[in-house]
K.L.:
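Handing you this structure, nothing more for now.
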Amino acid sequence: MKGKLVVVSGPSGVGKGTIVKELVRRRADVIESVSCTTRAPREGEVDGREYFFLTKEEFSRRIKEGEFLEYDDHFENYYGTPASFVKKQLESKSVILEIDVKGGLAVKKKMPESVLVMIAPPSLEELRRRLVSRGTETEEQIEKRLSRLEFELKQANEYDFVIVNDELERAIAELSAIVDCEVESK
Ligand code: 5GP
């Protein structure tokens, strides 16, 4: 394995997607993994780019064969990280998985050499401000997400690194440095 497997987690609205997308855009040796899902493609989504779109039968078959580093169900559909895709990419590149803490810990169990990174907001107030200005959630949904924050950040105990996203450029530079650094497995 030449590349490093890096899991990036963090609360909704913290800006993890922006950090990961920017790093992948800037570095040819880093890619984002493509997950499998049983949900239907949305308009503009391409099989193999946003997701690998599978039938429920095919997904179940792959679960039985141990094809997923981790999987979970959201809104009655399955989502999972395909082990073969990730391992193939790791032969030449570092791979970033943007998944939740539960998924991240499952990946670490299967691949202890992976590195877990938590993206944290500078403060609760700042996260609230970002969620409000994003405008994609109702006030009630925002409060629900914020109340999960403490729980989510507590789980970060088991994570290898925490990046505070107070300044985008610094956060990208930190993630980039983590991809390059040598770390001992816990
Ligand atoms: P969407 O259908 O909006 O693309 O994604 C729904 C949810 O599935 C999101 O919360 C997303 O983070 C989660 N998800 C996407 N891919 C994976 C995966 O590979 N594993 C897990 N555990 N969750 C995923």
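Just follow the structure's listing: the first ligand is 1, and inside any ligand the first atom is 1.
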K.L.:
Please enumerate all residues that pass side chain to side chain contact (heavy atoms under 4.5 Å, CB included) together with R62, with sequence neighbours excluded.
P.N.:
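R62 satisfies side chain to side chain contact (heavy atoms under 4.5 Å, CB included) with C36, L54, E58, E67, F68 once adjacent residues are dropped.
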K.L.:
Using side chain to side chain contact (heavy atoms under 4.5 Å, CB included) as the criterion, list what pairs up with T81, not counting sequence neighbours.
P.N.:
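Residues passing side chain to side chain contact (heavy atoms under 4.5 Å, CB included) with T81: S33, L69, E70, V86, L97, I99.
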K.L.:
Counting distance only, does the side-chain N/O of T37 pair as donor-acceptor with the main-chain N or O of Y78 below 3.5 Å?
P.N.:
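Such a contact is found between T37 side chain and Y78 backbone.
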K.L.:
Would you say the side-chain atoms of K93 pair up with the backbone N or O of D29, donor to acceptor, closer than 3.5 Å?
P.N.:
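Not a single qualifying donor-acceptor pair exists.
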K.L.:
Answer yes or no: does atom CD of E167 have more than 12 heavy-atom neighbours from other residues, nucleotides or ligands under 6.0 Å?
P.N.:
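Counting other residues, nucleotides and ligands, CD of E167 exceeds 12 neighbours.
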K.L.:
List by chain and number: which residues place a heavy atom under 4.0 Å from ligand 1?
P.N.:
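Residue list for ligand 1: S35, R39, R42, Y51, E70, D72, H74, Y79, G80, T81, I99.
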K.L.:
Hey, could you give me each pair passing side-chain hydrogen bond (donor to acceptor under 3.5 Å, both in side chains) that has a residue in residues 42-56? Not counting sequence neighbours.
P.N.:
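Residue pairs passing side-chain hydrogen bond (donor to acceptor under 3.5 Å, both in side chains), neighbours aside: R39-E45.
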